[in-house]
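Notes follow the structure.
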Amino acid sequence: MALKFYNTLSRKLETYQSIRPGVTDLYTCGPTVYNYAHIGNFRAYMFEDILRRTLAYCGYTVRQVMNLTDVDDKTIRDSRAADMDLATYTRTFTKAFFEDLDTLNIEKAEHYPAATDHVPEMIAMIDTLLDKGYAYVGDDKSVYFSIERYPDYGKLARIDLSQQRSGVRIKADEYGKESVADFALWKHWDDDDGDVYWDSPWGRGRPGWHIECSAMSVKYLGNHFDIHTGGVDNLFPHHEDEIAQCEAATGEKFVNYWLHCAHLLVNNEKMSKSAGNFYTLRDLIKKGFDGREIRWLLMSAHYRQHLNFTLEGLSAARSVLRRIDDFVVRLKELSAEGDAGLDLATDVVEVSRLAFRKGLEDDLNMSAAIAAYFDFMHRVNKAVDEAGLGGNAIDLLLNFCREVDRVFGVIHLGSAEPSVPAAIQALADERLAARRLRDFDRADSLRDDIHAAGWRIDDTPKGTRLVRVSRS
RNA sequence: GGCGUGGUAGCCAAGUGGUAAGGCAGAGGUCUGCAAAACCUUUAUUCACCGGUUCGAAUCCGGUCCACGCCUCCA
């Protein structure tokens, strides 16, 4: 097997081949930091996290760049509405974004370049495009990319501009263009921009959105790199424009593989504030769900399928994770000596690893990878019930859990298990005493109290186990 | 109007020609003082609908219905 990805450029499943052996350069479109990101946004970042972790699992050193769009219409509009300067305003949401990534256990990219730190690079690229004749200064003093002068335009989105509706959504402030399909590289300053502007050879203004990703990806990853990702809604025009800008400016092929994730729906509808189904990550945390549950739900469907996000789905994720946690706890309790069940464990791990990897390599088929892990747990649980396992087998199995978690990022393997509070332990001790006296009414009543406090009681042959359960 | 995706059990979701993975929820059983966890059994003669191709179709082709996305700055 080999890694395969569905490449939007060819609309085909392709075997992945990196430009440099063992290294993958990855550009992932990041957030516009004008508000808290919503779970639809995080679906994309989760997909990119799984992609990144899968590449690493398959042996690649990943160099990932994620941009932070900290200047655009919305950041300017909202910072002015809040009566704050742009940098102060966007800093709040940049900070929130990184907190949210932590909540979801999303691995950090190598670089998070902010647009406002790279205006000189953007100006340089625009300059090159003007020199080469791909761009022009419009009547409104903005600089535009000319689609007409770049015949390859449309190859990613497979859009034939002559077939498009024209003039439908053209804003009044875009009449400086030669052709409606042309897009802005540099936007000339106007009153709405307030004190947000940079000096350029074309006067005061600010960069267009697309040039930001072009200039920063080329700066950090070079003219030609491996993978570029984003949500399907970025396919056109954003990514199409990035290709046009970069390939026109550098004369080289820009990106080998384009991967796009599908939208997330909430209760089978598009998420919208008016429908009341608009969730930020923080909204869900307030409802009592944790990042791990949200992570599970977001990663459990294939990235190119619509993902239907529901609160019921989150509750199901909670049950799933409980089972995954119980499995690890159970294994750890069995830390006996010896080689009992070692052959069986070796076989189960081998079979499971193959299925797990096969799923991931098949264009990140998480359903298959997850099924492989469930089959693994099932076979191991069965072995524990039937034969018991020695310490060496347990080590082998726990190492496989650790291996799977390099991609999943949800399995509690270390000291993440919360310790039992003294008050809960005292109740449990009291219950145990009552049980010894065969006062089961009292024991059951204490068990109810313990459960109400968020802990579950498991009586095992080895004694009583206390397990933290999420409040629900 | 152009381009594109999808409709699989109560729910979530794999499967793209060989006779429906996995999970959640539910039911019965083993174990248990009772539970919990785990294990065993069970839950779609059927994959939106109608035709066609084929020895064989959820998968390929044609049509219909439904849902959703993009078509200038929304992941």
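Residue numbering restarts at 1 for every chain, and letters A, B, ... go by the order of the sequence lines.
Contacts of Arg431(A) with the nucleic acid, taken as non-hydrogen atoms under 4.0 Å apart, include base atoms. Using a 4.0 Å heavy-atom criterion, one finds that Gly40(A) contacts the bases of the nucleic acid, with or without backbone contacts as well. Among the protein residues, His260(A) comes within range of no part of the nucleic acid, since none of its heavy atoms lies under 4.0 Å from any strand. Across all strands, Asp72(A) comes closer than 4.0 Å to no nucleic acid atom at all (heavy-atom distances). Within 4.0 Å of His238(A), counting heavy atoms only, lies no atom of the nucleic acid at all. Heavy atoms of Leu297(A) sit nowhere under 4.0 angstrom from any nucleic acid atom. Contact annotation for His38(A): base contact, defined as any heavy-atom pair under 4.0 Å involving a base atom. Here Glu386(A) lies out of heavy-atom contact (under 4.0 Å) with every strand.
Residues Pro31(A) and Leu68(A) meet the side-chain proximity criterion, which asks for heavy atoms closer than 4.5 Å.
The cationic atom of Arg304(A) (NZ for Lys, CZ for Arg) lies less than 6.0 Å from the six-membered ring centre of Tyr6(A) and within 45° of the ring axis.
Residue side chain Arg447(A) reaches the base of C34(B) through a donor-acceptor N/O pair under 3.5 Å, judged by distance alone. Taking 3.5 Å as the limit, the base of C74(B) and the side chain of Asn35(A) contain no donor-acceptor pair of atoms between them.
Here the side chain of Asp459(A) is nearest to one of A38(B), C34(B), A14(B), namely C34(B). You'll find that the side chain of Lys382(A) is closest to C39(B), out of G69(B), C39(B), C12(B). Taking the side chain of Arg435(A) as heavy atoms from C-beta on, and the options A14(B), A75(B), C34(B), the nearest nucleotide is C34(B). In the set A37(B), C24(B), G33(B), C24(B) carries the atom at the smallest distance from any side-chain atom of Ala316(A).
Every residue two or more places apart in sequence or in another chain was checked for a side-chain hydrogen bond (donor to acceptor under 3.5 Å, both in side chains) with Asn35(A), and none qualifies. For Asp439(A), the side chain to side chain contact (heavy atoms under 4.5 Å, CB included) partners at least two apart in sequence or on another chain are Ala434(A), Asp441(A), Arg442(A).
Take the nearest nucleotide of RNA chain B for Arg456(A) and for Gly231(A): the residue whose nucleotide is more 5' is Arg456(A). Nearest-nucleotide positions on RNA chain B for Ser319(A) and Arg43(A) put Ser319(A) closer to the 5' end.
The same atom, C1', is picked in U19(B) and in U59(B); the two are 12 Å apart, to the nearest Å.
If you check the side chains of Asp70(A) and Tyr89(A), you find no donor sitting under 3.5 Å from an acceptor.
Across all strands shown, G1(B) forms a Watson-Crick or G-U wobble pair with C71(B), both key distances being under 3.5 Å.
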**OP:** Any chance you could list the contact pattern along nucleotides 16-22 of chain B? Use B for base contacts, S for sugar-phosphate-only contacts and - for none, protein heavy atoms under 4.0 Å, 5' to 3'.
**Re:** -----BS
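OP1 or OP2 of G15(B) sits under 4.0 Å from a side-chain N or O of Asn365(A). Within the 4.0 Å cut-off from OP1 or OP2 of C40(B), at least one side-chain nitrogen or oxygen of His378(A) is found. Between Thr310(A) and C11(B) there is no side-chain N or O to OP1 or OP2 distance below 4.0 Å. Contact annotation: Lys74(A) side-chain N/O to C74(B) OP1/OP2 distance is under 4.0 Å. Between Asn381(A) and A38(B) there is no side-chain polar atom (N or O) within less than 4.0 angstrom of OP1 or OP2.
Judged by distance alone, the side chain of Thr75(A) and the main-chain N or O of Asp72(A) form a donor-acceptor pair under 3.5 Å.
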